[in-house]
Enquirer: 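Just passing along the structure, written as C-alpha cells.
Throughout, numbering of the chain's residues begins at 1 and tracks the sequence.
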Amino acid sequence: NYIMGTSGGSGVLSGVHSVFFQIDSDNNSTGQQFSFRKDATTYNGGTELLSIKEDGRGLSQFTAKAWINFNGTGTVAITDSHNFSSVSDLGVGQYQVNFSNNLGNTNYCINTHDYSWGNGFSDTQATSSYRIKRMNQADNAYLDVAAIWSLVFGD
C-alpha cells in the first residue's frame, strides 16, 4: 500500500509545491517528502518582502544584490562571488566588475575594500556593471592590489 499526496501553493509562500510518498509494508510506515520549487516569495499585505529565485538568489531590500572577491594583480580573476559574471582589467589599479543579473537601477550602494594601504573609489555605475579604482596612498597613482572585495545593496 502507498499513499501519495501534494501540498503547497497557499499561505504566505507562492510557487511552492511538495509531493510526498508514504509506503506501508508489514505495519512499518516509512515516508519520504520531496520538495520542488520554481521560486518562493514571501509577502506582507501585498508587499513583496523576500523572493528566492530558481537560481538560488535571495532578493529583498535587506540582502546583498552582489558580492565579489577578486585578484587584482597579474591575470585578474574572480576568487569567489555572488551575482558577478566577470572582471575586466582596465589598466593598473582599474577594473570593471560585471553583474550576472542586472540591477533594477543605478541607485545602488557599493562598499569596496582592498588588501593594501591605498585609497580607492567606485564609479561609472550602470545596471550591468561598475568600475573600481585603487590608488597608492603616498602618491595617488593607480595601484594593482592582490585582493579586492566589493559588496552591493540596491534594487
Enquirer: For Y130 and S150, does a side-chain donor sit closer than 3.5 Å to a side-chain acceptor?
Expert: yes
Enquirer: Where is the tightest heavy-atom contact between I110 and S122, given as atom of each residue plus distance?
Expert: CG2-OG, 3.6 Å
Enquirer: Taking the side chain from K65 and the backbone from G154, do they hold a donor-acceptor pair closer than 3.5 Å?
Expert: yes
Enquirer: Do the non-hydrogen side-chain atoms of L103 and V152 ever get within less than 4.5 Å of each other?
Expert: yes
Enquirer: Given the rule in the side chain to side chain contact (heavy atoms under 4.5 Å, CB included) test, do N111 and F153 qualify, once you have shown the distances and angles that lead to the verdict?
Expert: CA-CA 9 Å; N111 184 353; F153 284 87; over 6 Å; no
Enquirer: Quick one: are D123 and R131 in side-chain contact, heavy atoms under 4.5 Å?
Expert: yes
Enquirer: Determine which pairs satisfy side chain to side chain donor-acceptor pair (under 3.5 Å) with at least one residue from residues 138-148, sequence neighbours left out, and list them in order.
Expert: Y95-D144
Enquirer: How would you list, by chain and number, every residue that makes a side chain to side chain contact (heavy atoms under 4.5 Å, CB included) with N98, sequence neighbours excluded?
Expert: S85, S86, S88, Q96, S129
Enquirer: Rounded to the nearest 0.5 Å, how far does CD of Q94 lie from OG1 of T124?
Expert: 9.5 Å
Enquirer: Dump the intermediate steps for side chain to side chain contact (heavy atoms under 4.5 Å, CB included) on N71 and V76, then the final yes or no.
Expert: CA-CA 5 Å; N71 170 15; V76 174; over 6 Å; no
Enquirer: If we ignore angles and hydrogens, is there a donor and acceptor under 3.5 Å between the side chains of N83 and N101?
Expert: yes
Enquirer: Is it possible for you to say whether L90 and F121 belong to one hydrophobic cluster, with membership spreading through side-chain heavy-atom contacts below 4.5 Å?
Expert: no
Enquirer: Would you please name every residue forming a side chain to side chain donor-acceptor pair (under 3.5 Å) with S81, sequence neighbours left out?
Expert: none
Enquirer: Of the non-hydrogen atoms in I78 and F70, which two are nearest, and what is the gap between them?
Expert: CA-CB, 3.8 Å
Enquirer: Indicate yes or no: does D114 engage R134 in a salt bridge with an N to O separation below 4.0 Å.
Expert: yes
Enquirer: Using side chain to side chain contact (heavy atoms under 4.5 Å, CB included), reason through V87 and I68 one step at a time and then give a plain yes or no.
Expert: CA-CA 10 Å; V87 176; I68 190 168; 3.6 Å; yes
Enquirer: Dump the intermediate steps for side chain to side chain contact (heavy atoms under 4.5 Å, CB included) on T112 and I148, then the final yes or no.
Expert: CA-CA 7 Å; T112 302; I148 300 170; 3.9 Å; yes
Enquirer: Tell me if the centroids of the rings in F99 and F84 come within less than 6.0 Å of each other.
Expert: yes
Enquirer: Can you tell me how far the CG atom of N136 sits from the CG atom of L143, to the nearest 0.5 Å?
Expert: 5.5 Å
